[in-house]
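Remember, it's a predicted structure, so these values are computed and weren't measured experimentally.
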Amino acid sequence: MSRVVRRRWLSDHSGPSRKDNRGCEYEAYVPDRLVGRAFTIDGEVAADIADAEAAIARLNAEAKSLVDTEALARILLRAESVASSRIEGLEIGARRLLRAEAARGLGDDPTDVTAVEVLGNIDAMVAAVEQVHAGDPITVDLVLGVHRRLLARTRLDRYGGVLRDQQNWIGGSGHNPCSAAFVPPPPEHVAELVADLVAFANEGALPAVAQAAIAHAQFETIHPFVDGNGRTGRALVHLIFRRRGVAPRVLPPVSLVLATCAQDYVDGLSATRYRGPASSRAAHDGTNLWIGRFATACKRAVDDAASFEERARGIEASWRERLGRVRARSAADLLLGALVGAPVVTVNSAADMISRSFVQTNEAISRLVDAGVLQQVTVGRRNRAFEAPDIIAAFTDLERQLASPEGDTHSSEPVRRVPRRR
């Protein structure tokens, strides 16, 4: 049975104001366990789940016919990671991020602190999805590893992969939970709740979208880490999609939609935090409300991903027109397909990506520069790199499109901060 526990906050007098320095009584929420709990899904919500799963499966099955699957997967994974960061306030545009990523690949240590944190988010997501395939178990160590990578090389590095041993809270003052919007369970409950959550994530009775929605909501409720909970919780969604075989290759950028519908997202999570027995009407209604919203977000993410893929196909076709005759499997041919997923490259990174020699790749890049497909830029400490502005613009437009409630920034302005069009 879910419940709240009353605790007393003792002031340590570290706050700047009397309000921040005061002690108080507060209520921390302890959720029900998930394993063994019976979930009943309403008919309309079940239909939304079916539509979402069919859309995700279709994106994975049909992507190959438009642009290279791996290239599309890379750009959408990057978009998902950027959006997941953006929800938590790490604002960065596509060009800035891609150049920092290229600089890091050259051995430079990026001085852009925000870029470093977002790159950490991408690293964590990539590492996570590469470790899980259909039928593989999700473990507590895997989740801790995702979080550890997420906070690597940030000011909170020492907290990476460590379950919290202190009370945290959401909203209100940064010095005490007295005015918090939500207080997660006390630290002594965290380890057992995380173990239960991971065990639930390995079950197979529910549809994958419903399971991912419930697991994500429970993770956000537990808030098991000092920082980085939201990003880790959103990575968990994709771990479940991979384990269940719903998204084996291409992950829909769900976080982009959740970031747009931020209030609906928060309200949906809050609806799952009922008090009392899991069999109550409040538990049933709150869980169905959240699952329905999550399924709708998944469907919207797939629709906009497919729209981006169509645009990428058009861009690649226009590049090939500019170049004229391109020999099949040549360095130029392979590079044209790969640029969708890596719009900023060096000669070395491109050679590794297409498995061709430095000389062959350098000649191909020169040809693409002459055709206006690539342009030379400087990244890091005066390092030479090349970027595909058409794809970067499309990536920016994808973020802007997903920030629009109606999916069209001409008729529906973005509702959150997004990169500007060039």
Side-chain angles (χ1 to χ4, degrees), residues 56-80 94-95 97-99 101-102 105-106 122 126 129-130 133-134 242 247-253 302 304-377 379 383-398:
I56 296 170
R58 187 167 58 250
L59 178 67
N60 275 263
E62 297 178 358
K64 190 73 176 178
S65 66
L66 298 184
V67 299
D68 179 73
T69 302
E70 294 306 315
L72 178 65
R74 279 196 301 273
I75 203 74
L76 292 184
L77 185 59
R78 189 179 287 112
E80 170 70 359
R95 178 172 273 102
L97 173 69
L98 291 162
R99 288 186 179 182
E101 191 174 31
L106 289 164
I122 295 172
V126 170
V129 299
E130 286 181 348
H133 300 88
R242 291 271 289 191
R249 298 185 298 169
V250 184
L251 299 172
V302 169
D304 285 332
S307 173
F308 171 82
E309 189 185 19
E310 289 279 6
R311 180 171 177 183
R313 179 177 63 169
I315 290 171
E316 184 179 340
S318 72
W319 288 344
R320 292 182 181 277
E321 285 183 14
R322 290 186 219 172
L323 261 70
R325 185 173 177 274
V326 178
R327 182 168 50 84
R329 304 299 297 170
S330 66
D333 178 47
L334 296 173
L335 195 54
L336 287 171
L339 285 173
V340 172
V344 178
V345 297
T346 64
V347 178
N348 281 323
S349 71
D352 288 342
M353 189 166 55
I354 64 175
S355 299
R356 292 294 184 269
S357 71
F358 181 93
V359 172
Q360 290 173 316
T361 306
N362 191 50
E363 290 175 353
I365 286 177
S366 295
R367 186 179 176 189
L368 267 58
V369 169
D370 291 342
V373 172
L374 291 175
Q375 61 185 29
Q376 184 174 325
V377 296
V379 299
N383 291 302
R384 188 179 68 149
F386 302 88
E387 68 179 27
D390 293 340
I391 290 296
I392 293 175
F395 186 14
T396 298
D397 286 347
L398 172 64

Notebook entry, point to check: At what distance, to the nearest 0.5 angstrom, does CD1 of Ile56 lie from CG of Leu251?
Noted result: 9.0 Å
Item checked: Close side-chain approach of Trp319 and Leu339, heavy atoms under 4.5 Å -> yes
Item checked: Non-hydrogen atoms of Val340 and Ala312 that approach each other most closely -> CG1-CB, 4.1 Å
Notebook entry, point to check: Does some side-chain heavy atom of Glu387 sit less than 4.5 Å from a side-chain heavy atom of Ile392?
Noted result: yes
Item checked: Closest contact, heavy atoms only, Thr346 versus Ala385 -> CG2-CB, 4.2 Å
Next item on the list: Looking only at non-hydrogen atoms, find the nearest pair between Gly372 and Arg322 and report the distance.
Entry: O-NH1, 3.0 Å
Checklist line | Nearest atoms (heavy-atom pairs only) where Leu323 meets Ala371 | finding: CD1-CB, 3.3 Å
Notebook entry, point to check: Rounded to the nearest 0.5 Å, what separation is found between the CD1 atom of Ile354 and the CG atom of Leu334?
Noted result: 5.5 Å
Note to self: For Thr361 and Met353: C-alpha separation, side-chain torsions, deciding distance, then whether side-chain contact (heavy atoms from CB on, under 4.5 Å) applies.
What the structure shows: CA-CA 10 Å; Thr361 306; Met353 189 166 55; over 6 Å; no
Checklist line | Taking every non-hydrogen atom, the tightest pair across Val345 and Ala342 | finding: CG1-O, 3.3 Å
Note to self: For a quick test of reading the model, state the closest non-hydrogen atom pair linking Pro389 to Val373 and the distance between them.
What the structure shows: CD-O, 3.7 Å
Check: Going through the checks in order, is the side-chain contact (heavy atoms from CB on, under 4.5 Å) test met by Val326 and Arg367?
Finding: CA-CA 11 Å; Val326 178; Arg367 186 179 176 189; 4.1 Å; yes
Item checked: Test item: Arg320 and Leu336 side chains (from C-beta on) under 4.5 Å apart, heavy atoms -> yes
Check: Between Ser330 and Arg327, is there a donor-acceptor pair closer than 3.5 Å when you use the side chain of the first and the backbone of the second?
Finding: yes
Notebook entry, point to check: Does a salt bridge link Glu316 with Arg313, judged by any charged N lying under 4.0 Å from a carboxylate O?
Noted result: no
Check: Hey, mind stepping through Phe386 and Val377 against side-chain contact (heavy atoms from CB on, under 4.5 Å) and telling me if it holds?
Finding: CA-CA 6 Å; Phe386 302 88; Val377 296; over 6 Å; no
Notebook entry, point to check: So, do Pro248 and His133 sit near enough that their side-chain heavy atoms are less than 4.5 Å apart?
Noted result: no
Check: Is there a side-chain contact between Val369 and Gln375, using heavy atoms and a 4.5 Å cut-off?
Finding: no
Check: Taking NZ, NE, NH1 and NH2 as the nitrogens, is one of them in Arg311 or Asp304 under 4.0 Å from a carboxylate oxygen of the other?
Finding: no
Notebook entry, point to check: Okay, side chain of Arg242, backbone of Val129: is any donor-acceptor separation there less than 3.5 Å?
Noted result: yes
Notebook entry, point to check: Under 3.5 Å, is there a donor-acceptor pair between the Ser357 and Gln360 side chains?
Noted result: yes
Item checked: Asp390 side chain vs Ile315 backbone, donor-acceptor pair below 3.5 Å -> no
Next item on the list: Taking the side chain as every heavy atom from C-beta outward, state whether Asp397 and Phe308 have any pair of such atoms under 4.5 Å apart.
Entry: no
Item checked: Phe358 vs Asn348 side-chain heavy atoms within contact, under 4.5 Å -> yes
Next item on the list: May I ask you to test the Glu101-Val344 pair for a side-chain heavy-atom distance under 4.5 Å?
Entry: no
